[in-house]
Every structure is written in C-alpha cells, then in structure tokens.
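Note that the coordinates shown come from a computational prediction; the quantities given were computed from them, not determined experimentally. The figures that follow rest on heavy atoms only: side chains count, while hydrogens, waters and symmetry mates do not. Just so it is clear: chains get the letters A, B, ... in the order the sequence lines come, proteins before strands, and each one is counted from 1.
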Number of protein chains: 2
Amino acid sequence: MSMIADALGVSSATVSNALSGKGRVSADLVDKIRKKADELGYVPSNAGRALRTGRSNVLGLVLPDISNPLFPQIAQAMETAASNAGYGVLIADSRGKVTTQTQAISRLIERGVDGLVVIPRRGTRIGDVGCPVAMVDTPSTPGNTVSADHWEGGAKVARHLVDLGHQNFLLIGHDPASNVQNDRIGGMKSALGRNTRHTTIWLETLMHERGERASLGLIDHVQNGVTAIAAVSDLHALRVLTELQTSGIKVPQQVSVTGFDDLIFSPVVTPSLTTVHMDMARIAELAIAALVREIEQGKSTVQNGKAAKQTVTADTSKVSMELMVRASSGPAASPDAPFPTGETL
Amino acid sequence: MSMIADALGVSSATVSNALSGKGRVSADLVDKIRKKADELGYVPSNAGRALRTGRSNVLGLVLPDISNPLFPQIAQAMETAASNAGYGVLIADSRGKVTTQTQAISRLIERGVDGLVVIPRRGTRIGDVGCPVAMVDTPSTPGNTVSADHWEGGAKVARHLVDLGHQNFLLIGHDPASNVQNDRIGGMKSALGRNTRHTTIWLETLMHERGERASLGLIDHVQNGVTAIAAVSDLHALRVLTELQTSGIKVPQQVSVTGFDDLIFSPVVTPSLTTVHMDMARIAELAIAALVREIEQGKSTVQNGKAAKQTVTADTSKVSMELMVRASSGPAASPDAPFPTGETL
DNA sequence: CTGAAAGCGCTTACAG
DNA sequence: CTGAAAGCGCTTACAG
C-alpha cells in the first residue's frame, strides 16, 4: 500500500480510500491507483485490516464429525455462502465429543473468527463464546437458527409410502438421542394414519444390546408383513436395500425402501434410492446472512446490558425438504397382501 | 495484553515474553502474568501477531470438489494435522473448474494464508502463488508432494483377485484424464499376469458417447466370462454390485467386485465391499509437515535469487495403500468356468 | 531479568 | 478532493 502511495506520490490514506471505493477520491486518481495496484500485484493485508477494524472476515464452521457423509454438502454450501458474503471459512471438527467441540470452538475464537456456524453434537447447548453463533440443528431444538424441516421431511416420505398403498412399516433410526432423527421419525409417524402399523428400530440401541454387527432381522419383519422400510439416512437405507437384495427379496416389488439426505450414492444404486433432499445452499445462506447481520451491526460485543444474545436468529428457521421419488419405493405393494390385524401402534 | 500489563504494573513486552515462554522473564513474574491472563480471560489477538510477525498461522485447503465422497477423510485429516502443528485451516472449493481453482487460491492468498494444500483438479499445474504449496495428487504427477501410492493399491487388488483364481477381469474407471485413476488402473493391469484377460471401461467416455444413464453392459460382460470387476472407486463398485444383484447375479459367488477408497458405506453394504484404504492421516501429516518446514524457514519469500521454489517436498512422497478384504471379493470364482481363449490384452 | 520504543499495514476521524 | 496523524495488539531488537 505504501508502495503504491510512494510510487504515485499520494498518501496511503488516499490509496486506502480509493481502493475501498468510499468515493472520497477523484475518479482520475482512483483509476491511477487501481492501475498501479494491479501493476504491483498489490494484495491488501488482512492482518492490517483486521487489526484496525477489529474484524477478521473469517467465520468458523464447527462440525460434529467431518467424516459424516452429509458433511460435504454442508461444507460446500457454507463455503459458498460465506464466500459470497465476503467471508472465509475456518473449519473445526469436534469429533463427536462435547469436550472436543468446546476445544474446537476455543481454537476458532483464538484465531479471531467474527462468528461461528455450529452443527451441534446432539443436544449440546453452546455457552457464551463471545461472538455470534448460528446453530444448524433441527427446528425442535431450542436455539436453532436455521435448519431443514426434518419433521416435514419424515411426513413427506411416510405420506408417499401410504399413497403407494403400504400399511405395514418398519422405521429405522440410528441414535435415539439425536434431535434430527427424532424429528424425522416423528414426522413419519405423524403421517402414517390410522389403518397402518409400524415398528421402530434404533440401531444404536440394537447394537448396544446385541453387538456391533447385529442382524436387523429384516427377513422376519418382511415375513411378518412389513412392505415398506423407511430409514432416517440413506446409509441405513443402503444397508437395508443390499441386505434385502442378498436375501432374494425384490426391491421395490416386494418391499419399498426409502432413505434421507440424498447422499451421493443414492441415485447411483440399483434400484435408485427414494430419499429426501435438503436445500443446504439455502440453509447456509440463511445461516450466514443471520450471522453477518449480527456481526456487522456490531451488537455482538459484550457492551450491551446483560450478556450479548448468543445464537442468532434467521429470517426463516425451517427450510422445506424435498422428496426425491426414485425406484426403490416403486409401485404400491401388491394390495392382496393381507393386512395383519393386531396392535396398531 | 495491555490490560494485564497495567493490572500488574509491568510492560507489555514482559507480558508478551512471559506468555510466549521465551524464558527471559523470572519464574515468579511468569506465574503472576499467567494467572492474571486467565483471570481476565485474555485471548491473544491473531491480527496483532500476524501483522507483526508476517504469519497468520492459517493454511489453505483447496479441494477440487468438496462434494467428493473422499473429501471428509481428507478435510478431517488435514484439520487434525494442521491443528496439531498450530495452524488453522481455511477451506476453498474449486468446484471442478480450473478457473474457479485459481480464484479459490487467490481468495485464500488474500486472506493471508501461510501455505496451501492443494488437491489439484486433474492435471492442473499450480502457478507461482507467492507461498509454499503442498500438492496431494498421485506419485506420477510432477510436483506431487505426498499422496497414496495409487498404483500399488491397484496392484494389490489385482493380485488379490488373481490369487482368488480369477482370470477374466473388467476394470472400471471414470475419467481417463485423472492421474489418480490412471495409476490405479495401471497398477491393476501391471499385476494381472499373462494368463488373464481384461477389458477397461471409462464411464465418462461411455456416458459421453451413449448418454447419462447408459448401461454398463455388465450382464454381457459376465456372460462373456468376466468373473471379477474392479472399480477405481467404491461408488462405482457399489453401482456394479447393486446392478448385478438386481439382475440376480450373486456376488461374490458368481462375480467378485472390488472398489477403492473405503468410503463410509463400503463396510455397511451386503456383501461388504472389498476395497483399498489410504492412510489419509499420514498423508496429511507429511503434507502439513513439509509445508510448515518451508514456512518456518521463511524460504518462501521471493527474496532468493529466482522465483521461490513453489511446491514443497515431503520426507516420503508415497504412502502405502492397504487392501481391505471383505465379502464382495469372496472365494475364487468356480474354477470350472471355462477360460475363454482369445485376445489377451 | 525488565522496559521503552519502534513498526508490521491498515482505516478512520479530523483538518485543510 | 487530499493528507497528516493516530492507533488497532502484538513482538523484537536494543538498552539498561
């Protein structure tokens, strides 16, 4: 910057004003300065600016587990949204543990992030961290900033399966402590209606009770009349699908299978997986917009009366989920399959 | 910092020296200063430090496509390695395009990263960017810093299949312009030996010629005697596996299937997928170590004679890949399957 | 062992 | 429209 100023015989204040386009500099000079900057390959120093303005223009993204297959979508969407808003994204992996999550957050704070997007570990509340935080979890979580409407997503799959004529369902969750999964399953149940039956399996519980590679007992369920299996994740749906196929049960002719999240492999398998897609780009935009608004209003400083409001509020907190109907749900199960009377859950 | 200095009646220089543990301060004072710092919840300003030292302690990670299913492993490993070395990680997605890759790199540079880890878009060479760069591609790529030994990985799968008694192979690649994939396929071919046959399909080429959802013609290949199908990615292996299963072809009884990368779903499907696993943690450590060494030697400044050496060199440039034998390769194809004489590729 | 001083590169009132 | 000055928070020679 001083190089440009010296080369042109102007003050660095003028260079700064010209380059930041604040309009206090004559058009001619702005042109000259711009040209010189290009010529010298001038790259403004973030450190200098950050020190002066007190803002780093960097956001932190805290993920519960980077190796989660949904992470790519999230990271990509956040990076794009942040980048469009002029922010960089620093990532931190909390590796499933709450303590690590706290450490991850501290590390980001130390690096001077202006705000944080946190995908919390199931049911974690984030303490006061000294900067605005956007939480992306599920609408039923207190403090949630934006997220997909997982409940509605569950309802959509269930309704789809009901419309197909299914009456006997197996719902597969993983972790009963997960808000997201509970919402998805809750949504499914809410849409199943009176003359259907369903059973819910939580894999984590099952594995805990019967060991790591416990059988899901899929065949038994099918023999007992289940014709639709709806999982809270494509990963589980994939497991179900391939297990059924290996046992010679035809999908979707004999059993319909659905997942969640539209993971990368879902359209690729045969039969392709019916699933529910979330508009991560929109969620990210809303989260980042809320964060940026708070940051740029400067409200986040501890100044104001009590503790600064921690988690930020977005314009819309629920983003609709889209049902992707593909081959694995297929046509209705043959209607002559007798409806097993008995307990309706 | 000045708060601590004032509270204790010492100079900020002393606070700085005490906190950074340079040993120029008496033990007593160090203790007092540490306590005061904790008490005040002092968090050093990165901006101040960066401005003074000229280093941000942040590294940039440039990914060809965040939505790649391998990305979680990479990002996680890099984040851990960087964090252990005292660096943060700023991500940037080059979204497949070379121009976007260049933009992504510029953005990171503008944010003042000290170094870059680049997973390059197939066959891209990185120009002079003004900071050290570690490239993670494949050993056969010029400028490669560290990577898995993809060729060896390919050789390992092929050898495994040969040992199982297979003699007629279908190799499935995606993009013939990818160095990684070419190395994997090359390695496979190198290990197939004399009395075997093989055909290679490149999906991108196929799709280009026959449309998006073109059939792989798997059944035909199997009818023509193929008993082992080896793909360059678990994603393709999964496609193959489910297509075969849907057609009633038993895996592994009739055909063995193998993939690459040990993606998250690979151990979960039935039959579980035989694949090749890379030690991303080690690759990340080597890449980051090489980068940090270069950064901390300060060699990267443009000072020295010609242009500063761009891509950095690691202690080891090839990291071994590990074969994960699982159910999908299974026992040898029945040996009474007649070996179709004819062209040996 | 401790401190006073300078300066990293910016931006922002404030004067002119 | 342009410039001189101050200061953001740190660290690093340099004195003492």
Self-check item: Closest-nucleotide ordering on DNA chain C, the 5'-leading residue of Gly9(B) and Gly48(B)
Solution: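 The answer here is Gly9(B).
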
Quiz item: What nucleic acid atoms does Ala47(B) come within less than 4.0 Å of, heavy atoms only: base, sugar-phosphate, or nothing?
Solution: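 If one applies the 4.0 Å heavy-atom cut-off, Ala47(B) turns out to touch nothing in the nucleic acid.
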
Practice problem: Go through Lys97(A) and Gln103(A) one step at a time and tell me if the side chain to side chain contact (heavy atoms under 4.5 Å, CB included) criterion holds. | Solution: CA-CA 10 Å; Lys97(A) 292 188 191 155; Gln103(A) 288 168 19; over 6 Å; no

Self-check item: Pro72(B) side chain reached by Pro72(A) side chain, heavy atoms, under 4.5 Å
Solution: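 Pro72(A) vs Pro72(B): side chains touch.
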
Quiz prompt | Validation row: Leu59(A), Ile295(A) side chains within 4.5 angstrom (heavy atoms) | solution = yes

Quiz item: Checking salt bridge (charged side-chain N to carboxylate O under 4.0 Å, His left out) for the pair Arg282(A)/Glu285(A): CA distance, chi angles, key distance, verdict?
Solution: CA-CA 5 Å; Arg282(A) 189 154 151 63; Glu285(A) 271 163 30; 5.2 Å; no

Self-check item: Residues forming a side chain to side chain contact (heavy atoms under 4.5 Å, CB included) with Ile74(B), sequence neighbours excluded
Solution: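 Testing Ile74(B) for side chain to side chain contact (heavy atoms under 4.5 Å, CB included), a comparison that skips the adjacent residues, returns Leu63(B), Leu70(B), Met78(B), Ile119(B), Met280(B).
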
Can you tell me if [X] touches the phosphate of [N], counting only side-chain N or O atoms and a distance under 4.0 Å to OP1 or OP2?
X: Ser26(B); N: dT2(C); answer: yes
X: Thr53(B); N: dT11(D); answer: no
X: Arg49(A); N: dT11(C); answer: yes
X: Ser11(B); N: dG3(C); answer: yes
X: Ser16(B); N: dC10(D); answer: no

Check the distance between [N]'s [atom2] and [X]'s [atom1] and give it to me in whole angstrom.
X: Leu51(B); N: dG7(D); atom1: CG; atom2: C1'; answer: 12 Å
X: Met1(A); N: dG7(C); atom1: CE; atom2: C1'; answer: 16 Å
X: Asn46(A); N: dT11(C); atom1: CG; atom2: C1'; answer: 14 Å
X: Asn57(A); N: dC8(D); atom1: CG; atom2: P; answer: 20 Å
X: Asn17(A); N: dG3(D); atom1: CG; atom2: C1'; answer: 10 Å
X: Arg52(A); N: dG7(D); atom1: CZ; atom2: P; answer: 10 Å
X: Glu110(B); N: dC10(C); atom1: CD; atom2: C1'; answer: 15 Å
X: Leu19(A); N: dT11(C); atom1: CG; atom2: P; answer: 8 Å

Quick check against the 3.5 Å criterion: does [X] have a side-chain atom that pairs as donor or acceptor with the backbone of [Y]?
X: Asp149(A); Y: Ser320(A); answer: no
X: Ser45(B); Y: Gly48(B); answer: yes
X: Ser11(A); Y: Thr14(A); answer: yes
X: Asn144(B); Y: Asp137(B); answer: yes

Quiz prompt | DNA chain C contacts among residues 32-45 of chain A, heavy-atom distance under 4.0 Å | solution =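 Within this stretch, Tyr42(A), Pro44(A), Ser45(A) sit under 4.0 Å of the strand.
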
Quiz item: Salt-bridged, Glu110(B) to Arg49(A), with N to O below 4.0 Å?
Solution: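 No, this pair does not count.
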
Practice problem: Kindly express the pairing pattern of DNA chain C in dot-bracket notation, using | wherever a base pairs with another strand and counting only Watson-Crick or G-U pairs under 3.5 Å. | Solution: |||.||||||||.|||

